[in-house]
Each structure stands twice: as C-alpha cells, then as structure tokens.
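Atoms within each ligand, like the ligands themselves, are counted from 1 in listed order.
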Amino acid sequence: MTAALIDGKAIAASVRAETAIRAARLAAAGTVPGLAVVIVGDDPASRLYVRSKAQACEAAGLRSWVHAMPADTPLERLVAFVHELNGDPEVHGILVQLPLPGRLDARLVIEAIDPQKDVDGFHYQNVGALVVGDPAFYPCTPWGVMRMLEHEGVAIDGAHAVVVGRSTIVGKPMALMLLNAGATVTICHSHTRDLSAQTRQADILVAAAGRARIIGAGMVKAGATVIDVGINRLPDGKLVGDVDFEAVAPVAARITPVPGGVGPMTIAMLLANTIRSAERAAGFALAAGETRIA
Ligand code: NAD
C-alpha cells in the first residue's frame with residue numbers, strides 16, 4: 001500500500017475561496033471583516049507568521065491591522081490595548097502572536113481578549129466550552145486537521161484516534177475535537193511509556209510533538225490516516241515533520257506532507273474564524289450547509 005497524499009495546500013485554498021465569498025457577502029451588507037494582530041518584540045519567526053496572516057487576510061477580502069509593540073511594553077499597556085480592540089466595532093478577531101517576551105504572562109493577555117473576538121480559541125471561556133463541545137471559536141490548527149479529515153471522508157465516529165502531544169494549542173484541543181466527533185481517543189506525551197504500542201492502535205494518528213521524524217513505519221497500523229502537525233528544522237535547514245514520511249507512506253492509507261500539509265490549514269481556519277465572528281456581529285445566520293465545525 002502507498003498512502004494517498006492529503007494536500008493541505010489545496011484544501012486550504014478551498015477554505016480560503018469559501019472565506020472570500022463570505023467576506024464579499026458581508027461587505028455587500030456593510031461589514032468588512034477585520035482581524036487585529038498584536039505582536040510584541042522582534043522575534044523574526046513571529047514577524048514572518050504575522051506578515052503571512054496579514055497577506056492571507058488581504059487576499060480573501062478581510063481587513064487586517066498589525067500592531068507591533070516594543071519588547072519592553074509593560075503588561076498593563078498591552079492589556080489596555082487589547083481592551084481598546086475589544087471595544088472597536090471594526091475589529092472582529094483579535095490575535096496576540098505567541099510567544100510573548102518571557103516577562104509577560106501570556107495567560108493574562110489572552111484572558112483580556114473578548115471571548116467573542118478570540119479567533120485563536122485560547123481564552124479560558126472558549127477552552128472550557130470546547131470541553132462541552134460548543135465554543136465560540138475552535139483553535140485554528142486542530143480545526144484545520146478536522147477539516148482535512150472531513151474533506152478526505154475519513155470516518156471519525158467510532159475510530160481509535162491517537163494524538164501525540166498534549167499542548168494547549170494543539171494536542172489537547174485536537175483530542176477534544178476528535179472525542180466530540182465520536183472517536184475513542186488516546187493522548188500520548190513525553191512521559192508515555194511505550195509510544196509505539198499506543199500509536200500502533202491508531203486508525204487516525206495525529207503527531208504534534210515537535211520532534212523530527214519520531215514516528216517511524218513500525219509505529220503505524222497498516223491503513224491508518226496519518227496527520228503530521230510537527231514542523232522541525234533540521235541542522236541542514238530542511239523542514240520535516242514528526243513523521244518519517246518516506247518510511248510511513250508505504251504503510252498508511254493517507255498521509256499529510258510537511259511542508260504543505262497542516263501548515264496552510266492553520267491560517268485558512270484563522271480567516272474562517274474571523275469571518276464567523278463578523279457574521280455573528282452582523283447578525284447573519286449560519287451559512288447554508290454550514291455545520292458547527294465547518
Ligand atoms: P509543545 O512543545 O508545546 O508540545 C509538544 C508536546 O509533545 C508536549 O505535550 C510533549 O509532552 C509531547 N512530546 C514531546 N516529545 C515527545 C516524545 N518524544 N514522545 C511523545 N510526546 C512527546 O509544541 P506544540 O506547540 O504543541 O507544537 C507541536 C509541533 O507542532 C511543533 O513542531 C510545532 O512547530 C508544530 N505546530 C504546527 C502548526 C501548524 O500550523 N502546522 C501549528 C502549531 C504547532
């Protein structure tokens with residue numbers, strides 16, 4: 001067997017096209033969806049991410065503002081600024097680019113965001129609502145994975161899903177979203193004793209450990225769907241995932257590449273969340289055919 005490639009770029013392009021249509025519909029009704037991105041300090045990788053988010057907004061007909069603040073910005077100033085954005089009716093989504101400089105408590109800043117504008121889905125209120133199954137926003141990366149699975153027609157209900165990684169941003173919300181969709185979920189992490197024994201059970205394996213190629217062929221069940229969230233830079237500069245792609249592709253039924261897999265989905269889902277927020281603000285009902293996680 002050789003796995004079919006799940007083309008994240010193509011799926012993300014279709015999400016962005018759908019987003020552009022919804023943005024145009026909103027604009028025709030007098031609302032231009034707007035995303036405010038706050039970046040503190042001058043981390044080059046963060047600046048790059050922020051630039052690509054702003055470009056993606058522009059391409060889909062959303063307005064975006066990048067607010068760059070110096071690394072020594074006091075917490076009170078940052079929180080006051082977030083409050084200003086909360087009160088700005090032109091801003092439908094607020095994203096504070098992480099990580100923040102070490103002395104700033106990111107949790108305090110995230111909690112300052114209005115949960116109805118928290119398009120990253122990191123506010124406690126949205127995290128808690130995800131446990132129940134109905135947050136205002138789903139975190140972008142795991143939501144992107146759910147969209148990929150849906151696009152590929154992967155049966156989640158009743159499947160055994162194994163998530164490697166338990167971070168607040170990826171692993172935990174990923175596991176909850178799979179659980180809410182009817183999967184039996186195992187969460188693995190750095191203290192898991194026999195990782196292979198767990199991953200070999202997976203019908204759906206999501207790798208989000210941030211460890212280059214830790215998932216080898218012997219760790220994957222024949223016919224599994226393998227989603228690689230990891231992004232790791234090797235010493236030679238090459239980008240690879242957490243999955244040893246060449247070794248695992250002959251075993252799996254479907255697999256995502258790195259780059260070109262989950263990565264493009266994350267930004268697409270950020271735009272979708274911003275549109276959703278603008279639609280709520282404009283009093284739009286759910287779009288025809290739209291489900292809660294679409
Ligand atoms: P993190 O460092 O916060 O969490 C990593 C998790 O993996 C931890 O829970 C840890 O316990 C677990 N882990 C680490 N080593 C392990 C091992 N050997 N065996 C089992 N579990 C192990 O990272 P994160 O923010 O969750 O990101 C994970 C990866 O996903 C990173 O490579 C990151 O760059 C990538 N990422 C990609 C996107 C995207 O859009 N594609 C978005 C976010 C993160």
Ignoring hydrogens, just give me the one of [options] whose non-hydrogen atom is nearest [atom].
atom                    : options                : value
atom 33 (C) of ligand 1 : Ile231, Leu98, Thr192  : Ile231
atom 5 (C) of ligand 1  : Gly210, Ala209, Gly165 : Ala209
atom 37 (C) of ligand 1 : Thr266, Ile267, Val229 : Val229

Only heavy atoms of [X], strictly under 4.0 Å: list the atoms of ligand 1 that pass.
X      : answer
Gly263 : 40 (O), 41 (N)
Val170 : 26 (O), 43 (C), 44 (C)
Ala208 : 5 (C), 6 (C), 7 (O), 28 (C)
Val164 : 20 (C), 21 (N)

*Measure the distance from atom 15 (N) of ligand 1 to every protein heavy atom, then report the residue, atom name and distance (to 0.1 Å) of the closest one.*
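Here the closest protein heavy atom is Arg211 NE, 3.3 Å.
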*Considering only non-hydrogen protein atoms, determine which one is nearest to atom 11 (O) of ligand 1 and report residue, atom name and distance to 0.1 Å.*
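Checking every protein heavy atom, the shortest distance to atom 11 (O) of ligand 1 gives Ser190 N, 3.0 Å.
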*Tell me, please, whether Phe122 has Arg107 positioned over its six-membered ring: NZ or CZ under 6.0 Å from the ring centre and within 45 degrees of its axis?*
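No cation-pi geometry.
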_Is it the case that atom CZ in Arg193 sees more than 12 heavy atoms from other parts of the structure closer than 6.0 Å?_
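No, CZ of Arg193 has 12 or fewer neighbouring heavy atoms, counting only those of other groups under 6.0 Å.
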*Look at the side-chain heavy atoms of Ile, Leu, Val, Met, Phe, Trp and Tyr, link any pair under 4.5 Å apart, and say whether Ile231 and Ile11 land in one connected group.*
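Different hydrophobic clusters.
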*Is there any N or O on Asp242 that sits under 3.5 Å from an N or O of ligand 1?*
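No: no nitrogen or oxygen of Asp242 is under 3.5 Å from one in ligand 1.
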*Quick one: list whatever passes side chain to side chain donor-acceptor pair (under 3.5 Å) with Asp228, sequence neighbours left out.*
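Not a single residue meets the side chain to side chain donor-acceptor pair (under 3.5 Å) criterion with Asp228.
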Basic-acidic side-chain contact under 4.0 Å: [X], [Y]:
X      : Y      : result
Asp42  : Arg47  : no
Arg25  : Glu279 : yes
Arg147 : Glu18  : yes

